[in-house]
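Accompanying notes for the structure given below.
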Amino acid sequence: MSPVSDQSGTTGASYAAAGVDIEAGDRAVELMKEWVKKAQRPEVLGGLGGFAGLFDASALKRYERPLLASATDGVGTKVDIARQMGVYDTIGHDLVAMVMDDIVVCGAEPLFMTDYICVGKVHPERVASIVKGIAEGCVLAGCALVGGETAEHPGLLGEDDFDVAGAGTGVVEADRLLGADRIRTGDAVIAMAASGLHSNGYSLVRHVLLNQAGLALDARIEEFGRTLGEELLEPTKIYSLDCLALTRTTEVHAFSHITGGGLAANLARVIPDELHAIVDRSTWTPAPVFDLVGRTGRVERLELEKTLNMGVGMMAIVPSESADAALATLADRGVDAWVAGEITDRGEHTTGAELVGDYAV
């Protein structure tokens with residue numbers, strides 16, 4: 001059918017004229033297919049391009065009472081660092097980490113994930129690069145990427161603007177569900193090192209370092225041994241398979257994923273009302289990036305700690321007698337971990353967790 005025109009010969013409105021390029025979207029799908037194929041599990045049916053991703057639930061028959069765990073998240077304003085640097089193949093790691101490391105907290109095995117990428121204009125190679133990162137993250141988490149959506153929103157987003165979000169599903173045997181009801185007085189709190197800022201607090205970080213201090217992303221920072229942008233774009237550590245390995249080799253009572261709200265607030269989410277977690281700051285030294293943000297913005301320590309992870313991305317609560325075995329398992333997997341605290345009675349404490357002491361220098 002030919003474009004509709006009025007008697008003056010003016011061509012009528014079209015989707016392309018409104019800013020949506022369907023052909024570019026199709027091209028993006030073709031480019032991302034090779035990466036999606038790498039993020040599969042044997043339970044996945046069909047391929048990319050269907051209206052829904054399919055996962056063979058008969059695989060769950062091996063469970064006595066399977067509980068499905070689900071989570072959804074994004075990566076916040078870290079996407080703006082990626083946009084400014086023109087680097088798009090790491091932000092997907094962040095997305096998978098934020099979703100699947102929430103799921104593994106209850107002891108669930110990650111099964112599959114879907115993504116949503118919203119752009120001002122479809123640049124096929126750029127979208128495919130984002131999906132590449134998501135697919136690689138799914139491999140690291142042990143889950144499949146079964147589908148997603150790329151939406152073009154001209155007029156709402158600038159041509160180079162984008163955002164990402166994702167949702168995931170996992171499964172855990174009911175009698176192996178981890179959480180507050182398993183935690184006991186005397187349990188050890190094990191900290192697992194973060195790879196950097198991860199994907200939280202970037203509104204504060206960008207405000208302090210880029211807006212207030214005027215630092216350039218391509219500026220080399222001696223404490224980092226690389227540029228500021230490279231440090232800020234360091235992918236979020238994905239702990240899913242490490243946490244699952246821990247549950248197979250030793251007794252684990254609970255995990256806590258340290259994301260928005262900081263270490264104490266996230267740890268408190270898994271502590272029962274009658275107990276209290278004490279974390280000793282002197283057991284680790286936060287990476288230089290945390291000091292740079294605090295010092296440059298004159299941010300008080302408590303404000304930093306409720307915004308950033310301060311160098312701890314995941315915590316495990318285990319019986320004290322299991323701590324050495326847990327640390328050995330994590331060391332074998334290349335995870336830097338240490339005993340950072342313990343569980344005590346709540347007493348007169350009004351919160352479920354607190355940080356004490358000063359950071360090691």
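All values below come from the heavy atoms of this structure, side chains included, with hydrogens, waters and symmetry mates left out. Model, not experiment: these values are computed from the prediction.
Side-chain N/O atoms of Glu251 and His253 include a donor and acceptor closer than 3.5 Å.
Across all non-hydrogen atoms, the minimal contact from Met310 to Phe290 is N-CE2, 3.3 Å. Between Gly201 and Leu308, the shortest heavy-atom distance links the atoms CA-CD2, 3.8 Å. Heavy-atom minimum distance, Ala254 versus Ile183: CB-CD1, 3.8 Å. Residues Ala108 and Leu244 approach most closely at O-CD2, 3.7 Å, considering heavy atoms. The shortest heavy-atom contact between Thr250 and Ser322 is OG1-CB, 3.3 Å. Minimum heavy-atom separation, Thr236 to Ala97: CG2-CB, 3.5 Å.
Centroid-to-centroid, the aromatic rings of Phe162 and Tyr88 come within less than 6.0 Å.
Using a 4.5 Å heavy-atom cutoff, the side chains of Arg126 and Asp160 are in contact. Ile238 places none of its side-chain heavy atoms less than 4.5 Å from the side chain of Met100. Residues Thr283 and Val339 are not in side-chain contact: their nearest non-hydrogen atoms beyond the backbone lie 4.5 Å or more apart. Using a 4.5 Å heavy-atom threshold, the side chains of Ile130 and Ile91 count as touching. Counting only heavy atoms from C-beta outward, the side chains of Met314 and Val104 approach each other to under 4.5 Å. Side-chain contact between Pro319 and Arg184: absent, with no pair of heavy atoms (C-beta onward) separated by less than 4.5 Å. At least one side-chain heavy atom of Leu241 sits less than 4.5 Å from a side-chain heavy atom of Arg333. Between Leu217 and Leu233 the shortest side-chain heavy-atom distance does not fall below 4.5 Å.
Residues Arg182 and Asp187 are not paired through a salt bridge, judged by the lack of any N-O separation under 4.0 Å between the basic side chain and the carboxylate. Between Arg62 and Glu109 there is a salt bridge, since a side-chain N of the basic residue sits under 4.0 Å from a carboxylate O of the acidic one.
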* Asked: Going through the checks in order, is the side-chain contact (heavy atoms from CB on, under 4.5 Å) test met by Leu330 and Met192?
  -> CA-CA 9 Å; Leu330 292 171; Met192 300 180 215; 4.1 Å; yes
* Trace of the side-chain contact (heavy atoms from CB on, under 4.5 Å) decision for Phe55 with Thr169 -> CA-CA 11 Å; Phe55 188 91; Thr169 299; over 6 Å; no
* Check step by step if side-chain hydrogen bond (donor to acceptor under 3.5 Å, both in side chains) holds for Asp345 and Thr185. => CA-CA 6 Å; Asp345 290 328; Thr185 300; 3.0 Å; yes
Anything under 3.5 Å between a donor and an acceptor, one on a side chain of residues 73-81, the other on a protein residue two or more places apart or in another chain? List them.
unit_1, atom_1, unit_2, atom_2, d
Thr77, OG1, Ser203, N, 3.3
Thr77, OG1, Arg206, NH1, 3.4
Lys78, NZ, Asp94, OD1, 2.8
Lys78, NZ, His198, O, 3.0
Lys78, NZ, Glu234, O, 2.8
Asp80, OD1, Arg83, NE, 2.9
Asp80, OD1, Arg83, NH2, 2.9
Asp80, OD2, Gln84, NE2, 2.9

Pair up each side-chain donor or acceptor in residues 353-361 with any protein partner under 3.5 Å, not counting sequence neighbours, and list the distances.
unit_1, atom_1, unit_2, atom_2, d
Glu354, OE2, His276, NE2, 3.0
Asp358, OD1, Arg301, NH1, 2.9
Tyr359, OH, Glu305, OE2, 2.6

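Note: Thr90 OG1 to Glu230 CD = 11.0 Å, rounded to the nearest 0.5 Å. Taken from CD1 in Ile317 to CG in Leu178, the straight-line distance is 10.5 Å, to the nearest 0.5 Å. For the atom pair OG of Ser195 and CG of Asn309, the computed distance is 8.0 Å after rounding to the nearest 0.5 Å. In this structure, the separation between CZ on Arg298 and CD on Glu303 is 14.5 Å, given to the nearest 0.5 Å. To the nearest 0.5 Å, atom NE2 of residue His93 and atom CG of residue Leu140 are 6.0 Å apart. For the atom pair CZ (Arg176) and CD (Glu64), the distance works out to 12.5 Å, reported to the nearest 0.5 Å.
Qualifying side chain to side chain contact (heavy atoms under 4.5 Å, CB included) partners for Arg65, counting only residues two or more places apart in sequence or in other chains: Leu67, Glu173, Ala174.
A chain of hydrophobic side-chain contacts below 4.5 Å, direct or via other Ile, Leu, Val, Met, Phe, Trp or Tyr residues, connects Leu304 to Trp284. Val270 and Leu177 fall into different hydrophobic clusters, where Ile, Leu, Val, Met, Phe, Trp and Tyr side chains are chained together by heavy-atom contacts under 4.5 Å.
Heavy atoms of other residues, nucleotides or ligands lying less than 6.0 angstrom from CG of Asp324 number 12 at most. Arg346 CZ: more than 12 foreign heavy atoms inside a 6.0 Å radius.
A side-chain contact (heavy atoms from CB on, under 4.5 Å) with Phe255 is found for one member of Leu267, Thr247, Val318 and no other, namely Thr247.
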